[in-house]
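Single-structure report; data block below.
The structure presented is a predicted model; accordingly, all values stated were derived computationally and were not measured. Position 1 is the first residue of the sequence, and the numbers go up from there.
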Amino acid sequence: MIDYLNNKLGTKYRYNNTRTQASVNSGLKEGFTVDDFINVIDVKTDEWKDTDMAKYLNPETLFRPSNFEKYVNQSKVTKKEEVSHAKTNRV
């Protein structure tokens, strides 16, 4: 999962970081799968990359138990849908 995140973002997060290990192990113990972790990486990268939220594309935020379940259940939103949604919600 960390290798996937690093490849996707061009980062060098370490898989042996104790906080990262604790978050990943917590998710696995809760019954989440490797595919769930990969999906979260994909969804949040699509949503946050090239925005002010990009600073949160890290294992600590993405895999934090208090965030992870809602991220797993979040649908992928395409850039086209985001633009459309923003246009319809203008005041």
Side-chain angles (χ1 to χ4, degrees):
M1 293 169 273
I2 301 304
D3 286 341
Y4 183 79
L5 178 67
N6 284 332
N7 287 332
K8 185 129 182 147
L9 298 176
T11 53
K12 295 181 181 180
Y13 293 110
R14 296 176 299 141
Y15 67 89
N16 59 352
N17 178 294
T18 54
R19 286 186 306 243
T20 298
Q21 286 180 340
S23 294
V24 169
N25 288 335
S26 175
L28 293 172
K29 285 179 186 175
E30 290 290 322
F32 294 107
T33 66
V34 172
D35 286 340
D36 290 328
F37 283 86
I38 289 172
N39 181 61
V40 166
I41 293 167
D42 288 341
V43 167
K44 299 316 281 184
T45 299
D46 289 347
E47 181 181 359
W48 289 348
K49 193 168 184 178
D50 300 323
T51 73
D52 292 341
M53 297 296 288
K55 61 188 171 198
Y56 298 112
L57 290 171
N58 60 66
E60 188 174 353
T61 300
L62 295 174
F63 306 150
R64 181 179 298 143
S66 61
N67 296 337
F68 194 71
E69 185 172 13
K70 67 182 172 188
Y71 293 163
V72 167
N73 288 296
Q74 180 179 344
S75 299
K76 282 192 175 185
V77 177
T78 65
K79 295 293 180 191
K80 187 176 183 179
E81 288 172 334
E82 286 178 4
V83 170
S84 174
H85 181 68
K87 286 180 181 177
T88 58
N89 287 322
R90 281 192 219 164
V91 178

Exercise for the section: Go through Thr45 and Asp42 one step at a time and tell me if the side-chain hydrogen bond (donor to acceptor under 3.5 Å, both in side chains) criterion holds. Expected result: CA-CA 5 Å; Thr45 299; Asp42 288 341; 5.9 Å; no

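- Heavy-atom minimum distance, Ile2 versus Arg14: CG2-C, 4.1 Å.
- Closest heavy-atom contact between Lys8 and Ile41: CD-CG2, 4.2 Å.
- Side-chain contact between Arg64 and Thr61 is present, with at least one heavy-atom pair separated by less than 4.5 Å.
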Practice task
Decide side-chain contact (heavy atoms from CB on, under 4.5 Å) for Thr20 and Tyr13; before the verdict, give the C-alpha distance in whole Å, the side-chain angles of both, and the deciding distance to 0.1 Å.
Solution key: CA-CA 9 Å; Thr20 298; Tyr13 293 110; over 6 Å; no

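- Pairing each heavy atom of Leu5 with each of Thr11, the nearest pair is O-OG1, 3.9 Å.
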Problem - Tyr4 vs Phe37, ring pair (Phe, Tyr, Trp, His ring centres under 6.0 Å): CA-CA, chis, key distance, verdict - result: CA-CA 10 Å; Tyr4 183 79; Phe37 283 86; over 10 Å; no

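- Within the 3.5 Å criterion, the main-chain N or O of Asp35 finds no donor-acceptor partner in the side chain of Asn39.
- Residues Leu62 and Trp48 meet the side-chain proximity criterion, which asks for heavy atoms closer than 4.5 Å.
- When every heavy atom of Lys70 is checked against every heavy atom of Asn67, the shortest pair comes out as CG-O, 3.0 Å.
- Within the 3.5 Å criterion, the main-chain N or O of Thr33 finds a donor-acceptor partner in the side chain of Asp36.
- Side-chain contact between Val24 and Met1: present, with at least one pair of heavy atoms (C-beta onward) separated by less than 4.5 Å.
- Looking at heavy atoms from C-beta onward, Lys44 lies in side-chain contact with Gln74 at the 4.5 angstrom threshold.
- Within a 6.0 Å radius of CG in Asn16, other residues, nucleotides and ligands contribute more than 12 heavy atoms.
- Side-chain contact check for Glu69 versus Phe32: some heavy-atom pair is nearer than 4.5 Å.
- Here the straight-line distance linking atom CG of Leu28 with atom CD of Gln21 works out to 11.5 Å at 0.5 Å rounding.
- No side-chain heavy atom of Asn25 sits less than 4.5 Å from a side-chain heavy atom of Phe63.
- Between Pro59 and Ser23 the shortest side-chain heavy-atom distance does not fall below 4.5 Å.
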